[in-house]
Amino acid sequence: MAQQKISLTRYLVEQQRADGLIPGQLRLLLEVVARACKSISQAVNKGALGGVLGTAESENVQGEIQKKLDIIANEVLIEANEWGGHLAAMASEEMDSIYVVPNRYPQGEYLLMFDPLDGSSNIDVNVSIGTIFSVLKKPDEHPGVQESDFLQPGTQQVAAGYCIYGPQTTLVLTVGNGVAMFTLDREQGSFVLTQEDIQIPVDTKEFAINMSNMRHWDEPMKRYIDECLAGKEGPRGKDFNMRWIASMVADVHRILMRGGVFMYPWDKREPEKAGKLRLMYEANPMSWLVEQAGGAATNGKQRILDLKPTKLHERVSVMLGSRNEVERLTQYHAEKA
Ligand code: P6P
């Protein structure tokens with residue numbers, strides 16, 4: 001008999017039955033986010049035919065020119081989640097401050113953070129992009145919700161995932177019991193379980209970094225990449241391959257599927273910035289997924305998930321993927337320190 005298709009809903013219900021990690025409100029939240037990702041996927045897939053390409057002539061809090069699809073994706077996630085009663089507030093790469101659920105709707109106990117469309121520079125050239133999301137519980141020390149409620153270390157996440165809009169539309173999710181992958185069945189309009197208990201190989205021959213920044217890196221980073229480039233004749237005794245899609249979602253997805261190491265390190269162009277990527281809604285969810293799949297994620301010195309955030313849009317240096325490579329990178333930074 002053909003293997004029975006397990007829907008996202010069935011997976012979440014059965015996970016709750018097995019280990020109680022997905023209370024009803026969290027299941028509702030995850031199903032609503034998945035439905036929003038389906039809508040974003042449809043908008044992305046229309047491309048020029050949907051009049052959604054190009055820039056929106058506005059800037060986000062990061063000072064980046066927003067693409068029309070950045071704003072569309074942000075609005076889809078806000079509108080999908082604000083009425084359900086599962087959230088107290090949301091935070092997004094595309095919004096300066098938090099979005100508190102309006103009083104006309106019931107407030108819930110969860111906080112949702114997202115990068116609505118990561119990899120925007122790739123939208124207009126038809127390269128995979130994605131939505132990254134992270135879920136925290138609202139602290140219950142005080143009534144209402146404020147920005148400081150979001151400033152929790154990544155270890156406090158109760159769910160994290162991404163949806164990649166590529167040749168397939170695929171949702172990858174963890175609630176702390178391993179990583180599962182769901183592929184969108186467009187005929188049924190539902191996400192179907194296609195892989196669970198994803199494991200990242202502890203070793204790899206593939207690294208992902210934007211090499212054009214090499215002259216700006218710190219010494220340990222340069223040492224690590226130089227050794228990869230030296231190949232068989234060098235200290236690593238093996239040849240390496242390089243990939244850089246410039247969509248974190250796509251680079252991380254490849255690493256979850258076949259191993260590798262992804263790096264966006266600090267560099268001296270803007271020394272006051274810890275890195276380019278954002279801690280709360282890029283590095284933390286991706287780091288938890290990678291750790292849940294047997295990988296590692298540090299900022300070169302510390303486990304990313306242990307970092308205590310001080311600002312909502314805080315940036316961080318990111319090194320994540322195959323455990324043995326991340327440990328080597330972190331050791332090189334420790335030796336330098
Ligand atoms: P660069 C996309 O803009 C992003 O935030 C990540 O998705 C990606 O890994 C990185 O920036 C790409 O940065 O400097 O190579 O364009």
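Order of appearance sets the numbers: ligands from 1, and atoms from 1 within every ligand.
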Distance-only donor-acceptor pairs under 3.5 Å for side chains of residues 163-174, two or more places apart:
residue	atom	partner	partner atom	Å
Tyr165	OH	Thr131	OG1	2.7
Thr169	OG1	Ser41	OG	2.8
Thr169	OG1	Arg186	NH2	2.9
Thr174	OG1	Gly176	N	3.1
Thr174	OG1	Gly178	O	2.7

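Other residues, nucleotides and ligands contribute more than 12 heavy atoms inside 6.0 Å of the CG atom of Asp203. Open room surrounds NZ on Lys232; 12 or fewer heavy atoms of other groups in view lie less than 6.0 Å from it.
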Report all N/O contacts between ligand 1 and the protein shorter than 3.5 Å as a table of atom names and distances to 0.1 Å; if there are none, say 'none'.
residue	atom	partner	partner atom	Å
ligand 1	7 (O)	Asp118	OD1	2.9
ligand 1	7 (O)	Asp118	OD2	2.9
ligand 1	7 (O)	Met248	N	2.7
ligand 1	9 (O)	Met248	N	3.4
ligand 1	11 (O)	Lys276	NZ	3.1
ligand 1	13 (O)	Lys276	NZ	3.0
ligand 1	14 (O)	Tyr264	OH	2.6
ligand 1	15 (O)	Asn210	ND2	2.8
ligand 1	15 (O)	Trp244	NE1	2.9

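Clustering of Ile, Leu, Val, Met, Phe, Trp and Tyr side chains at separations under 4.5 Å places Val127 together with Val125, Ile245.
Note: Tyr281 and Phe133 fail the aromatic proximity criterion, with ring centroids not under 6.0 Å apart.
Residue pairs meeting the ring pair (Phe, Tyr, Trp, His ring centres under 6.0 Å) criterion with at least one member in residues 218-277, sequence neighbours excluded: Tyr162-His253, Trp244-Phe262, Trp244-Tyr264.
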